[in-house]
Amino acid sequence: MAKRFNVNGACRPGRHYMVDLSSRLEAIKEMVDNGDYFTINRGRQYGKTTTLRALAVYLADEYEVLSLDFQRLGSQAYENEISFVEAFSRIVLKYAKTIPEDIRKQFMKLRDSNEAAKNLQILFDVLTDWCGESERPIVLMIDEVDTATNNQIFLDFLAQLRAAYLDSDVTPTFQSVILAGVYDVKNIKRKIRPDEQHKENSPWNIAARFKVDMYFRKDEIAGMLQDYENDHHNGMDIQEVSEKIYDYTSGYPVLVSNLCKILDEDITGTENFPDGKSAWTKAGVDEAVKILLTEQNALFGSMWEKLNRYPKMKNRIYTLLFQGQRIPYNVDDPVTELLSMFGFVKNVNGSMQIANRIFETRLYNYFLMATEVADIEMFQLAEQEKSQFIRGGQLDMDHLLAKFVEYFDDIYGDQGEKFVEDEGRRYFMLFLKPIINGTGNYYVEARTRNRKQTDMIIDYRGVQYIIEMKVWRGNEYNERGERQLGEYLDYYHLEKGYMLSFCFNKNKQIGIHEVKVGDKTLVEAIV
């Protein structure tokens, strides 16, 4: 069977193209060797299950690994202690590789007997006996702990694990316990009881901090592409393609695999990319991104569900995207904690930043189209007249900006300063969306996003356009912005750039004009 890129479920060596996990496994094994109990909590489709399966193999020479999936317990397992003990014993018997015969019989009794005297204490007595008899230290790994997090019985189970950990100097217990899921176990009480007084004192407060980076690095993506190239001989520039994929995904595992899968299965062999050599290029990656941004999948579905469940989190994302505010990354802030836990944001030099360009663009699209489009004249005008902005198959950015200035002044010219400052950039993106939709991509450069300035990069049919959107702060500030944009154009090897200024000066001259800054041409539009 030929290897493929996988985006559904755990990846399997020999069947799927994978990054080399050895550095992660080595770092996690060090925590196991130290006897740590810890949680691997990351966003959906982050490679947690793949990592656990690889870890079980990696540890097998030194440890007895008990790897369980709490999805297999079933919902009835949490009705009471008896049902939980029975279900837990059932999956232990099914998935444990080596159990001493007397311990096996005890688990069978817990699974099958009708005795009412089944509780967590008895279960842990059996586990303690097993740890004492085992020839090798036992490592307990539990995947999908989220399926249990709404249940008090699971908190009681964690409390028993905590007690065993604290008594490990006098009583045999697990060498290490690893829990994997989206929710950090310390947030379980918040999920069960959302009121603030119940969110502290988790029974998992003995857990060590999990510091292993599970993002894919550029060199790891390159290694996976090399594996693919060895099989297909497309002649791709591995370094260039891996860097392009990383630029869009920041190494988020399932996004990397998604782009590779689309390149391999959906783009190669099409009219514009007739073979692998033409598909596995920077242009091919751009095309894969366009496809991914229009797909409905479990990852994006989970994002929308989380945003709708947590309104404060949704408002924070909106503020970050459209109002250009620098938001400090505060680990003690519950909203920041949730956003980070779900994988929406990351900490960059103490500031909150959307985790990757794919998420950012998808979130922009989500918030733009969540608006009642029928009431947004700007969107309707762009939709009706979008053909006039394409000349010779390329985007006529000069004309697009000129029309935006004209329409914005006609429709919103009498709005207050706060409206323009907070909403102006959103309305430009709403105007741009139907014009490039299905053909071009756009993203906002996180390094320059702030309340005064936002740089947008548009990719349209292989041509890039850099647009600086800013609030007018006087001529001196504007000239400094021109110089900065000129430097930015140098970075992207472009000769022409664009500035869109939202000006509150009563004597402003609305319109569009060209400015020369060194050898660069800047088209400035003022509304």
Side-chain angles (χ1 to χ4, degrees), residues 5-11 16-21 23-24 27 40-52 54 146 180-184 210-225 228 241-264 285-286 288-307 313 317 320-321 329 336-348 351-366 441-447:
F5 292 102
N6 179 50
V7 297
N8 299 308
C11 292
H16 302 129
Y17 292 108
M18 298 172 56
V19 302
D20 182 0
L21 298 176
S23 62
R24 288 173 186 74
I40 302 175
N41 70 284
R42 293 293 186 273
R44 288 293 177 198
Q45 294 184 287
Y46 214 102
K48 298 182 293 294
T49 300
T50 297
T51 300
L52 286 185
D146 299 85
V182 173
Y183 284 87
D184 190 342
F210 184 73
K211 298 184 289 184
V212 179
D213 187 0
M214 293 181 65
Y215 281 106
F216 292 167
R217 303 189 308 266
K218 291 180 185 179
D219 62 301
E220 292 175 327
I221 298 172
M224 180 172 62
L225 294 186
Y228 177 85
V241 175
S242 61
E243 288 182 358
K244 185 74 170 178
I245 290 173
Y246 183 85
D247 285 345
Y248 275 115
T249 65
S250 295
Y252 195 104
V254 74
L255 296 180
V256 173
S257 296
N258 256 300
L259 292 182
C260 291
K261 188 177 181 67
I262 292 170
L263 282 163
D264 180 46
V285 175
D286 287 337
V289 168
K290 284 190 291 185
I291 294 173
L292 180 58
L293 288 173
T294 60
E295 283 187 345
Q296 294 292 341
N297 58 40
L299 177 62
F300 295 133
S302 176
M303 289 179 69
W304 316 144
E305 185 270 330
K306 296 294 190 302
L307 289 175
M313 192 171 71
I317 288 286
L320 183 64
L321 290 175
Y329 189 95
T336 301
E337 187 180 25
L338 282 174
L339 286 167
S340 180
M341 184 174 70
F342 294 140
F344 289 180
V345 302
K346 58 186 176 182
N347 181 2
V348 178
S351 295
M352 186 182 297
Q353 190 176 112
I354 302 298
N356 56 73
R357 287 177 179 174
I358 298 290
F359 279 8
E360 182 175 70
T361 304
R362 192 76 186 228
L363 286 164
Y364 271 122
N365 291 342
Y366 171 80
N441 301 322
Y442 67 88
Y443 57 88
V444 171
E445 177 52 63
R447 290 174 297 176

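In what follows, residues are counted from 1 in the order of the sequence shown. In what follows, every heavy atom counts, from backbone to side chain, and hydrogens, waters and symmetry copies are set aside.
- Of the candidates M303, R42, K306, F342 forms a side chain to side chain contact (heavy atoms under 4.5 Å, CB included) with just one, namely K306.
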Handout entry: I354/I317 under side-chain contact (heavy atoms from CB on, under 4.5 Å): CA gap, chis, key distance, verdict
Key = CA-CA 8 Å; I354 302 298; I317 288 286; 3.8 Å; yes
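- Below 30°, between 30° and 60°, or above 60°: for F5 and Y17 the angle between ring planes is between 30° and 60°, a tilted geometry.
- Between atom CE of residue M352 and atom NZ of residue K346 there is a gap of 13.5 Å, rounded to the nearest 0.5 Å.
- No cation-pi contact links R217 to Y246, judged by a cut-off of 6.0 Å to the six-membered ring centre and 45° from its axis.
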Exercise for the section: Show your working on side-chain contact (heavy atoms from CB on, under 4.5 Å) between M214 and I40 and close with a plain yes or no. Expected result: CA-CA 10 Å; M214 293 181 65; I40 302 175; 3.6 Å; yes
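- Within the 4.5 Å cutoff, side-chain heavy atoms of F344 are placed close to those of M313.
- Proximity of Q353 to V345: side-chain heavy atoms (C-beta onward) are nowhere separated by under 4.5 Å.
- Put simply, the side chain of L21 reaches to within 4.5 Å of the side chain of T50, judged on heavy atoms.
- The CG atom of L293 lies 6.5 Å from the CZ atom of R362; values are rounded to the nearest 0.5 Å.
- Between C260 atom SG and H16 atom NE2 the span is 13.5 Å, to the nearest 0.5 Å.
- The shortest side-chain heavy-atom distance between S351 and Y329 does not fall under the 4.5 Å cut-off.
- Atom-to-atom distance recorded for D286:CG and I291:CD1 is 11.5 Å, nearest 0.5 angstrom.
- Evaluated for a side-chain hydrogen bond (donor to acceptor under 3.5 Å, both in side chains) with R357, the options Y443, Y248, Y442 yield exactly one hit, Y443.
- Going from atom OG of S242 over to atom CE of M224 covers 9.5 Å, rounded to the nearest 0.5 Å.
- Annotation: side chain of L299 is in contact with side chain of F359 (closest heavy-atom distance under 4.5 Å).
- Side-chain contact check for Y228 versus D264: some heavy-atom pair is nearer than 4.5 Å.
- Here the side chain of Q296 pairs no donor or acceptor atom with the backbone of G301 at under 3.5 angstrom.
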Exercise for the section: Before giving the answer on side-chain contact (heavy atoms from CB on, under 4.5 Å), spell out for L363 and F300 the whole-Å C-alpha distance, their side-chain angles and the decisive distance to 0.1 Å. Expected result: CA-CA 9 Å; L363 286 164; F300 295 133; over 6 Å; no
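- We find the NZ-CD1 distance between K290 and I262 to be 12.0 Å, quoted to the nearest 0.5 Å.
- For N6 (side chain) and G9 (main-chain N/O), a donor-acceptor pair under 3.5 Å exists by modelled atom type.
- Contact between V285 and V241 at its shortest, heavy atoms only, is CG2-CG1, 4.1 Å.
- Nearest heavy atom pair, residue S250 against residue Y215, reads O-CD2, 3.1 Å.
- Residues Y252 and I358 form no side-chain contact, since every pair of their non-hydrogen atoms from C-beta on lies 4.5 Å or further apart.
- Side-chain atoms of N297 and L292, non-hydrogen and from C-beta on, do get closer than 4.5 Å to each other.
- Y364 contributes a side-chain N or O that, together with a main-chain N or O of L321, makes up a donor-acceptor pair within less than 3.5 Å.
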Exercise for the section: Test side-chain contact (heavy atoms from CB on, under 4.5 Å) on T51 and K48 and set out the steps. Expected result: CA-CA 5 Å; T51 300; K48 298 182 293 294; 5.8 Å; no
